[in-house]
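Reading through the structure tokens given below for one structure.
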Protein chains: 2
Amino acid sequence: METPVRVVLVDDHPMVRAGLSAMLAPFARRVRVVGQAGDVTTALELVTGLSPDVALVDVRMGTASGLDLCRTLAALPVPPRVVLLSVYDDEQYVYEALRAGASGYLLKRVDGEELVRRLEEVMGGETVVDVTLAGRIAASAARLHRGEFWPGAHLGLTQRESEVLSLLVAGLSNRAIADRLVLGQETVKSHLRALYRKLDVTDRAAAVTVALRDGMFR
Amino acid sequence: METPVRVVLVDDHPMVRAGLSAMLAPFARRVRVVGQAGDVTTALELVTGLSPDVALVDVRMGTASGLDLCRTLAALPVPPRVVLLSVYDDEQYVYEALRAGASGYLLKRVDGEELVRRLEEVMGGETVVDVTLAGRIAASAARLHRGEFWPGAHLGLTQRESEVLSLLVAGLSNRAIADRLVLGQETVKSHLRALYRKLDVTDRAAAVTVALRDGMFR
DNA sequence: CGGCGTCTCACCCGCCCGGGGGGACCCACG
DNA sequence: CGTGGGTCCCCCCGGGCGGGTGAGACGCCG
């Protein structure tokens, strides 16, 4: 066993910090919490002062974004590895996180043993992503290979229909949709009819309901 | 000092449970954590078996809703007080929570001292709401006193308008809405016009988008 | 080459819907 | 007691929308 991983916790909830500390306490020989911060400024002071191995950062700290902090930390002369913690199991966030320079993206459902193992993996140079997310990312990658990448493809919508639907959800009229997509409104009506048939609805309001409930758009 | 408040923790994140335990540990004489559950079923077993004073429940447990659990617990022969914990500082959730039978709605930013005090207040029969939320809710106290709890009340919708909107989201036509509510469709149109004005939209599709995005209906 | 699906556009029809009036009743509030 | 808001209903009107049908252009695949 090597020297323990030195970790700084960054989260605006005292509760979460206490939870992390408590969870990591039994593994003190492998992971050592050397500091805690509840906001971005003290987090920066702490990291520059202590030069920890890893900063364990919440992605959503009230108003401030953990992603921004991640970028800031990654730009330091002696950057720590940054592992982001989140409750959002959304693929998109993972991409942003890794692009922001994070070495890991874990969900808050992890337990102590798992967390310690992941932190050690990060120290070994690996990039760790929560397993459930990793699975989904793999699945969506597979979909990409099959060519299904626009929202609604799983319902048999064509790309164009998906575009029309997104504007419909945005509240645009047929005329406005036509202008936006540089089409005649008759064309838009054609797409809408196909859309209604595939979504099994009879009007635009119901189509919006189906689309939003399905999670195709936000 | 009376006997300590007996609390059961319900949260799908082991970390949060650990954090709560750690935060409450220094106050063992006032609050005692007698059990922890990571899912709804074990939570039910625990509560029925231990009959705790308070169940401290996360509103958002992965897929399951803490609100549903709250309703279930409130329907038990010997119901515990239920205090919901959340990261969402949205008035609407508070309404739903209280309607679901909760005795409290606290944000996860609370510290140990605060939490202990709140739990004791709950045991005293009070209904506790996070102070920042309480302030905002006080603004609409008049509505609360009149018992206006329907979805959309926070946007100034009347109860009738809310009913119409819900059927609109369900994809019904004006005629169908009128039949369902036993009204003339001219009346429905009246309500819809008021609705469009309040939601700042011009047609039903946009109204559906606003309603669903706001979380008024699912 | 000849289907097949997608995307594009057109014409016609019927009517629901949005927008503008107005007016009735009831009840709470001042 | 007046006033204001909520609920309910009515009229008219024009346009947007849903529904049907048809067709030309393009790319794909067997």
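Just so you know, these numbers come straight off a predicted model, no measurement behind them. In what follows, chains carry the letters A, B, and so on, assigned in the order in which the sequence lines appear, proteins first and then strands, with residues in each chain numbered from 1.
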Worksheet item: Taking all non-hydrogen atoms of both residues, which atom of B:S86 and which atom of B:D58 are closest, and how far apart?
Response: CA-OD1, 4.5 Å
Response to the item:
Per atom distances to the B:S173 side chain, the nearest of C:dG18, C:dC17, D:dT7 is C:dC17
Discussion item. Looking at every non-hydrogen atom in both residues, tell me the closest pair between B:M23 and A:A18 and how far apart they are.
Written reply: CG-CB, 3.9 Å
Item to complete: Check the distance between C:dC11's C1' and A:K189's NZ and give it to me in whole angstrom.
Response: 10 Å
Practice prompt. Using only side-chain N and O atoms of B:T158, determine if any of them is under 4.0 Å from OP1 or OP2 of D:dT7.
Written response: yes
Worksheet item: Whole Å only: how far is the CZ atom of B:R193 from the P atom of C:dG21?
Response: 11 Å
Worksheet entry | B:E163 and B:R160 ion-paired at < 4.0 Å | yes
Discussion item. Once you apply a heavy-atom cut-off of 4.0 Å, does A:H191 come out as touching a base, just sugar-phosphate, or nothing?
Written reply: base
Worksheet item: Passes salt bridge (charged side-chain N to carboxylate O under 4.0 Å, His left out), B:E114 versus B:R117? Steps please.
Response: CA-CA 5 Å; B:E114 166 93 4; B:R117 211 177 328 120; 3.8 Å; yes
Practice prompt. Starting at atom CZ of A:R197, determine the distance to atom P of D:dG20, rounded to an integer number of angstrom.
Written response: 11 Å
Worksheet item: Between residues 175-188 of chain B and DNA chain C, which residues have a heavy-atom gap below 4.0 Å?
Response: none
Discussion item. Does a side-chain N or O of A:N174 approach OP1 or OP2 of D:dC17 to a distance below 4.0 Å, or not?
Written reply: yes
Worksheet item: Taking NZ, NE, NH1 and NH2 as the nitrogens, is one of them in B:E121 or B:R118 under 4.0 Å from a carboxylate oxygen of the other?
Response: yes
Worksheet entry | Under 4.0 angstrom between B:R160 side-chain N/O and D:dC8 OP1 or OP2 | yes
Worksheet, complete the sentence: Nearest-nucleotide check on DNA chain C, B:S190 vs A:K198; residue mapping nearer the 5' end is A:K198
Response to the item:
Contacts of A:D179 meeting side-chain hydrogen bond (donor to acceptor under 3.5 Å, both in side chains) (sequence neighbours excluded), chain-then-number -> A:R175
Worksheet entry | Spacing between A:L195 atom CG and C:dC7 atom P, to the nearest angstrom | 11 Å
Worksheet item: For C:dG18, does OP1 or OP2 lie under 4.0 Å from any side-chain N or O of B:R204?
Response: yes
Worksheet item: Side-chain N or O of A:Y196 less than 4.0 angstrom from OP1 or OP2 on D:dG18?
Response: yes
Item to complete: To the nearest Å, give me how far apart CG (B:D203) and P (D:dG16) are.
Response: 12 Å
Worksheet entry | Euclidean distance, atom CG of residue A:L157 to atom C1' of C:dC7 [Å, nearest integer] | 15 Å
